[in-house]
Structure formats: structure tokens, C-alpha cells
There are 2 protein chains.
Amino acid sequence: MDPSSLSEDALATPAPRRQAMVPEATVARLPIYLRALHVLADDGQTTVSSEALAEVAGVNSAKLRKDLSHLGSYGTRGVGYDVAHLIEQVSAELGLLRHCSVVLVGVGNLGRALAGYGGFASRGLAIDALLDADRNRVGEQIAGLTVRHIDELCDVVSKGSIGVIATPAQAAQQVCDRLVAAGVTSILNFAPTVLSVPPGVDLRKVDLSLELQILSFHEHRKAALAQGAPV
Amino acid sequence: MDPSSLSEDALATPAPRRQAMVPEATVARLPIYLRALHVLADDGQTTVSSEALAEVAGVNSAKLRKDLSHLGSYGTRGVGYDVAHLIEQVSAELGLLRHCSVVLVGVGNLGRALAGYGGFASRGLAIDALLDADRNRVGEQIAGLTVRHIDELCDVVSKGSIGVIATPAQAAQQVCDRLVAAGVTSILNFAPTVLSVPPGVDLRKVDLSLELQILSFHEHRKAALAQGAPV
DNA sequence: AACTGTGAAACCTTTCACAGCT
DNA sequence: AGCTGTGAAAGGTTTCACAGTT
């Protein structure tokens, strides 16, 4: 409806841009590093080498160093990285330090699982509102939160909120539209359907069956190779 | 992400290599195309152009054509693709036609959500065994299946089974080891921890909080740009 | 005319290898 | 000596643009 304000300034940016522009592939790994760092911190380690951290994170050390270098120079040559400091920096980069509100819509099994999922709370990303369209579920207590009706959406959304969709596929687009209308500009979709959002809204998806199908492909291939291929 | 073993013979390959070798990026999109095709089929469409299919799948049409070209020439120039035929081909490529056994370990909220998830059953990937270490849960009926104790693992695993781990993080590595010991060579991990497997075992992971953290990054960046950047 | 299949170009990501700091 | 940070090389992915087919 208002595409004018978002127009392409991509080509003409003489701005004194700082170090920014962390590659997308790096951003996708920061959460992994963060988790690895927490494991090390819980274990009492205060410093760690790129080699050791990479091991825990399950990546190779050159990649890890390159990734971290995009955030700045937080390591000490000859020594390694300070675990606590690096946790701070990575968290900051991910925007986990300012408390960011997360609103979850749909409290079926998946919604419940997400609400109780330790991985959110332990970072700065606790879910702080549960909504559902089913009035039978409204009022229910899940993971310390009371389920509210989706009509109350506007009351629970604040600037910078992230919306999570865990509804059945048929309801997803409608819920998505309502989130957008309420001012949410970042949406995570767990429903197995492609959603469309206006420009300016960031949409990501998690397809639970996708990875399983990818595994199926590889398993299938292994079977095929074992049978027909070996020369 | 683990084609390391393919690099060594890169220079000296006189082998009569067939058409195989579908790029990993393409494999990762095949499930998306498959879902889009099912949508079209349910809608009564019999043929579809790369443009239209790409639209439904949410990708660009050149990419879609290139992806499909790796499977073979299943389109007709001037016309497009036959929906039913393409569903068949993509399903075959993903190994979804032969019924592949899926064993899920851990029936907490997430396990329940996965067991009831429509996205699995509608493709060839129905879960056909539920296991848990908690004897209180054994015997429970979920999505038409009876929960069995994890000690019965060997009874439910067959050649080519895929294992799904939906346990708490602490139990995941142990469960993983047991799956491997039982002969499972493809494992999908939903527990928020890095697992290690012996060579030859295919391990993939889904981190529910990862995408949320990536969204947080972008939301954070949007906020930063809105405030400090427009100089 | 319409649309696929595909080389070639552009772009992004990973890995290597080593200069440079502690 | 040990380890980070980073150019440069290698490898992979996406996009372009059009030749080729129906």
C-alpha cells in the first residue's frame, strides 16, 4: 500500500558505512557459536581458541575466524577469545541484549513445544505472549503464560515485536496478515505453507518436514549407490 | 554440508560418471517444489509453467528451471511441466516412493507435534514408531501410534530407517549413539545440541531457536538503521 | 508465440596459507 | 611458539540471456 518509502537506495549509497554488512551465511551461524560459547562458559572456560570453539560448534576453524572477523577484532593473537566477552559481542550483534518481545500464535502441540522450548528462554528471546483463535484454549496456562484470544493481538504487540506462527496451514496467511496489520515486521512461520508479506516485512520459515525429506534423499541415494553403482 | 570426501579425486576422474550429483542447494528446495506441486494438483491444475510454479514455491523461475534440469528434462518447451508427472519425479528423487520407516525418539511436546504433523504423513514419510525413555509415557497413544520403550529400539529399526531425536538436549547424544548402534544411518536432530556421529552416518539438525535469532538480528539491524544510520 | 534447458557471467561462501601480533 | 585476522584461490550458487523445441 505504501511502497514509496522503501524504494531502492541500493545503488546510490555514498554513506560513510562502517564495518557493517555481516554476510547472511555468517549471521546464520552466530546462534550456533553463541550456544557453543554458553556450553564453554558453563564448563568454566574463560578463553578459547578458534580451533576449540569450532570443534564445539561443529564447523571448521578458518570459517569461524572469518565469521568472527566480520563482527570486529575480538580475539587476542597467541591466546584466543575471551568467552564472556565474545558471548556479549555475539549477543549484541544478534540483538539479544535489549529484551525483544516475541508473540506466538497457535498453541497446538507445536506451539506448546515452542513455548516450553529451553532454547528461547536461555537467550534473550523468551516468548511473552500466547494467542489462539480457539476460545476453548483461551485462559489456559502454558509455560507460565496465559493463552489470550487472537483478537487481543494489538494489545500484546509492541514496536520491534517478533511474531511466530504455529497454526495449521489454512489459518497461517490470515494470522500473518493480522500480525502485519498490528505492526509486526518480523515473522517466523512454522506452518507448512508459503506466506506472502508486504515489502519491508521480514519473513522466515521453518519447515519441519523439509529436513526429513532431505535426509530421505540422502538415504535413498546411499541405497542406490550400494546397489547399482559400485562399478 | 559434508561433501568432503568428494574433493580428493577432483582432478583425476576418468570415471563414466552419470548425470547424478544434484547440487545440495537444489536438494534442499525439492521439498518446497513438491509442496507447491501438491497445492497445484489439489487445485486441479494439470500443467504448470516454471514461472507459475516458481511463484507458488516462492523462488525465481530461472532457479527453478535450473533445479529441475538437474533431475532430467521433464518439461515440454512451449507448454510447461505436467504436474502429476513432476510430482512423481521429484518424489522419486527424494526417495519418497518406497515407504521409508521413520522412528521418533522423545514424545514430549515437540515429539507429539512432530508425530501429529501433517507435513510428514502427506508425503511418503509417516512416522511409524514412537519411543521414549520415560516408562510413564510408554503405552500412551499418540497420533494412532503406541509409545514404546527405547529399549525396544532394535525391534522397530529396519534397514534404511531414519531416526528423529526430539529429546531434551542432555539425552540427545546418548539416544543418537543408540540409534547408530541399532544401524540407523540417517538422523534428524531437534535437540538444541551438537551431536557427533561416526563417518557414514548422515546427521542433520533443526534448531527451532536459530531462525528466531536470525530474525532478531534483522529486527535489531532495522532498529539500528532507523536510528543511527541515516546520516 | 510460448516456454524449457543451459552455457556464461556475476555473486556469494568456503578454504587455504601466511603475515602479523602477543 | 601460538594464534588471530585476512588477502587470495577455489568452489558453489544464482541470475542472465538466449538457443532450441514444441
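Owing to the predicted nature of the structure, the values given are computational and were not obtained by experimental measurement.
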K.L.:
Between A:Leu64 (CG) and D:dT4 (C1'), how many Å, whole number?
P.N.:
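Answer to the nearest Å: 11 Å.
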
K.L.:
Between C:dT13, C:dT6, D:dT14, which nucleotide has the shortest distance from any of its atoms to the side chain of B:Ser69?
P.N.:
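Of C:dT13, C:dT6, D:dT14, C:dT6 is nearest to the side chain of B:Ser69.
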
K.L.:
Could you list all the salt bridge (Lys or Arg N to Asp or Glu O under 4.0 Å) pairs where at least one residue sits in residues 49-59 of chain A, not counting sequence neighbours?
P.N.:
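Passing the test, one end in residues 49-59 of chain A: no pairs.
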
K.L.:
Kindly compute the distance separating CZ (B:Arg29) from CG (A:Leu210), expressed to the nearest 0.5 Å.
P.N.:
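If we round to the nearest 0.5 Å, B:Arg29:CZ and A:Leu210:CG are 11.0 Å apart.
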
K.L.:
Is there a donor-acceptor pair closer than 3.5 Å between any side-chain N or O of A:His38 and the backbone N or O of A:Ile87?
P.N.:
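No, the answer is negative, given that no donor and acceptor are paired below the 3.5 Å cut-off.
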
K.L.:
Quick check on C:dG5: is either OP1 or OP2 less than 4.0 Å from any side-chain nitrogen or oxygen of B:Ser73?
P.N.:
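Yes, within the criterion.
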
K.L.:
Return each pair, listed once, that meets salt bridge (Lys or Arg N to Asp or Glu O under 4.0 Å) where at least one residue sits in residues 186-202 of chain A; pairs must be two or more places apart or across chains.
P.N.:
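Checked against salt bridge (Lys or Arg N to Asp or Glu O under 4.0 Å) - neighbours excluded - no pair reaches residues 186-202 of chain A.
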
K.L.:
What is the distance from CG of A:Asp82 to C1' of D:dT4, rounded to the nearest Å?
P.N.:
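The answer, rounded to whole Å, is 15 Å.
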
K.L.:
Check whether more than 12 heavy atoms from other residues, nucleotides or ligands sit under 6.0 Å from atom CD of B:Glu88, and answer yes or no.
P.N.:
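Atom CD in B:Glu88 is not packed in, count stays at 12 or less.
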
K.L.:
C:dT4, OP1 or OP2 - any side-chain N/O from B:Ser50 closer than 4.0 Å?
P.N.:
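Checking B:Ser50 against C:dT4: at least one side-chain N or O falls below 4.0 Å of OP1 or OP2.
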
K.L.:
Just how far, in rounded Å, is P of D:dC3 from CG of A:Leu68?
P.N.:
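Value for this atom pair: 16 Å.
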
K.L.:
Identify the residue among B:Leu71, B:Val59, B:Val56 that makes a side-chain contact (heavy atoms from CB on, under 4.5 Å) with B:Tyr33.
P.N.:
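Answer to the side-chain contact (heavy atoms from CB on, under 4.5 Å) test with B:Tyr33 among B:Leu71, B:Val59, B:Val56: B:Val59.
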
K.L.:
To the nearest Å, give me how far apart CD (A:Glu51) and P (D:dT4) are.
P.N.:
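Taking atom P of D:dT4 as the reference, CD of A:Glu51 is at 8 Å.
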
K.L.:
Could you write nucleotides 16-22 of chain D as a row of B, S and -, 5' to 3', where a protein heavy atom under 4.0 Å of any base atom gives B, of only sugar-phosphate atoms gives S, and otherwise -?
P.N.:
BB-BBBS

K.L.:
Measure from the side-chain heavy atoms of A:Arg29 and tell me the nearest of D:dT13, D:dT4, C:dT14.
P.N.:
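So the nucleotide nearest the side chain must be C:dT14.
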
K.L.:
Rounded to whole Å, please give me the gap between NE2 in A:His70 and C1' in C:dC12.
P.N.:
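Checked: the NE2 to C1' distance equals 11 Å.
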
K.L.:
Whether A:Tyr81 contacts D:dG2 is assessed here as follows: a side-chain N or O lying under 4.0 Å from the phosphate OP1 or OP2. Is that the case?
P.N.:
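For D:dG2, OP1/OP2 do not have a side-chain N/O of A:Tyr81 under 4.0 Å.
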
K.L.:
Measure the CG-CG distance between B:Leu64 and B:Leu53 for me, rounded to the nearest 0.5 Å.
P.N.:
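Between atom CG of B:Leu64 and atom CG of B:Leu53 there are 4.5 Å.
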
K.L.:
How long is the line joining OH of A:Tyr74 and C1' of D:dC3, in whole Å?
P.N.:
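Checked: the OH to C1' distance equals 19 Å.
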
K.L.:
Using atom CD of A:Glu24 as one end and atom P of D:dT13 as the other, report the distance to the nearest whole Å.
P.N.:
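Nearest whole value for this atom pair: 17 Å.
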
K.L.:
Atom NZ of B:Lys63 to atom C1' of C:dC11: distance rounded to whole Å?
P.N.:
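About 12 Å, once rounded to whole Å.
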
